[in-house]
Amino acid sequence: MAEKIREMQAELRQKDKSISEANARAERAASRATSLKLEAEAAKKKLNKASKRSETQLSALRQDNERLIREKERLERSKAAAVSGVESRASREKERMVGQPDSLKALSQERIRKMTEEKDKEA
């Protein structure tokens, strides 16, 4: 009987040891899970911050793009007006030349040529 009691006590000690080891493993796993959870939360915050920054940058780029498009359209209108002005001046010069002596015609043709060069440069 005493031997059976010793065997049972040895079994109990072995089971206690197994339970203690299992508890230690569970505590380590819980600690690791908590650590991973904290890392995941930090990564999520970092990702959200980067996403907001990217959205802000994208918005700024869109606004810049819209501004550049408006500026391009304004410049195209200005260019068209300048070309039109040069063409009308050249046309008026040609009209003035009709009936003028050849020396004045040559001067006028030189002016028309210069205006045409200006138009080409602006275009």
Side-chain angles (χ1 to χ4, degrees):
M1 184 84 152
E3 183 144 333
K4 196 166 190 173
I5 292 174
R6 281 192 291 269
E7 285 177 13
M8 291 176 104
Q9 286 175 338
E11 280 180 34
L12 286 175
R13 281 192 297 274
Q14 185 62 35
K15 286 182 180 180
D16 280 345
K17 184 178 176 185
S18 294
I19 289 171
S20 293
E21 288 173 356
N23 282 341
R25 283 193 304 271
E27 285 178 17
R28 286 191 302 272
S31 174
R32 180 69 179 142
T34 301
S35 175
L36 289 174
K37 182 179 175 184
L38 292 174
E39 286 178 25
E41 287 174 359
K44 184 178 176 182
K45 285 180 184 178
K46 190 174 182 180
L47 181 61
N48 284 339
K49 189 175 181 179
S51 176
K52 287 179 184 177
R53 186 173 50 246
S54 293
E55 288 173 9
T56 302
Q57 289 173 339
L58 181 59
S59 176
L61 287 173
R62 283 185 178 138
Q63 289 174 353
D64 283 350
N65 191 35
E66 290 169 4
R67 180 185 56 78
L68 290 171
I69 288 170
R70 287 191 305 272
E71 180 70 12
K72 177 185 173 195
E73 290 169 351
R74 185 189 66 75
L75 290 172
E76 286 174 347
R77 287 190 303 271
S78 176
K79 175 183 167 185
V83 168
S84 174
V86 167
E87 288 173 346
S88 66
R89 282 189 307 196
S91 174
R92 285 193 305 268
E93 281 292 321
K94 284 181 183 178
E95 289 174 10
R96 269 192 28 218
M97 283 188 344
V98 175
Q100 291 182 350
D102 289 339
S103 62
L104 289 177
K105 282 184 182 178
L107 282 173
S108 293
Q109 287 174 342
E110 179 63 23
R111 289 181 68 194
I112 290 171
R113 186 185 60 75
K114 286 181 180 177
M115 283 187 231
T116 306
E117 286 175 0
E118 286 178 23
K119 178 181 131 185
D120 291 342
K121 286 180 185 176
E122 289 176 3

| said: Just to verify, what does E71 make a salt bridge (Lys or Arg N to Asp or Glu O under 4.0 Å) with, not counting sequence neighbours? | reply: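 With sequence neighbours excluded, E71 shows a salt bridge (Lys or Arg N to Asp or Glu O under 4.0 Å) to R74, given in chain and number order.
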Expected list for residues 56-70: side-chain donor-acceptor pairs under 3.5 angstrom, two or more places apart:
{"from": "T56", "atom 1": "OG1", "to": "K52", "atom 2": "O", "distance (Å)": "2.9"}

Please report, to 0.1 Å, the donor-acceptor pairs under 3.5 Å made by any side chain of residues 28-40, with sequence neighbours excluded.
{"from": "T34", "atom 1": "OG1", "to": "A30", "atom 2": "O", "distance (Å)": "2.9"}

Show me the side-chain donor-acceptor pairs of residues 14-21 shorter than 3.5 Å, one per line, residues at least two apart or across chains.
{"from": "S18", "atom 1": "OG", "to": "Q14", "atom 2": "O", "distance (Å)": "3.1"}
{"from": "S20", "atom 1": "OG", "to": "D16", "atom 2": "O", "distance (Å)": "3.0"}

Using distance only, find each side-chain donor-acceptor pair of residues 3-12 under 3.5 Å and give its atom names and separation, not counting sequence neighbours.
none

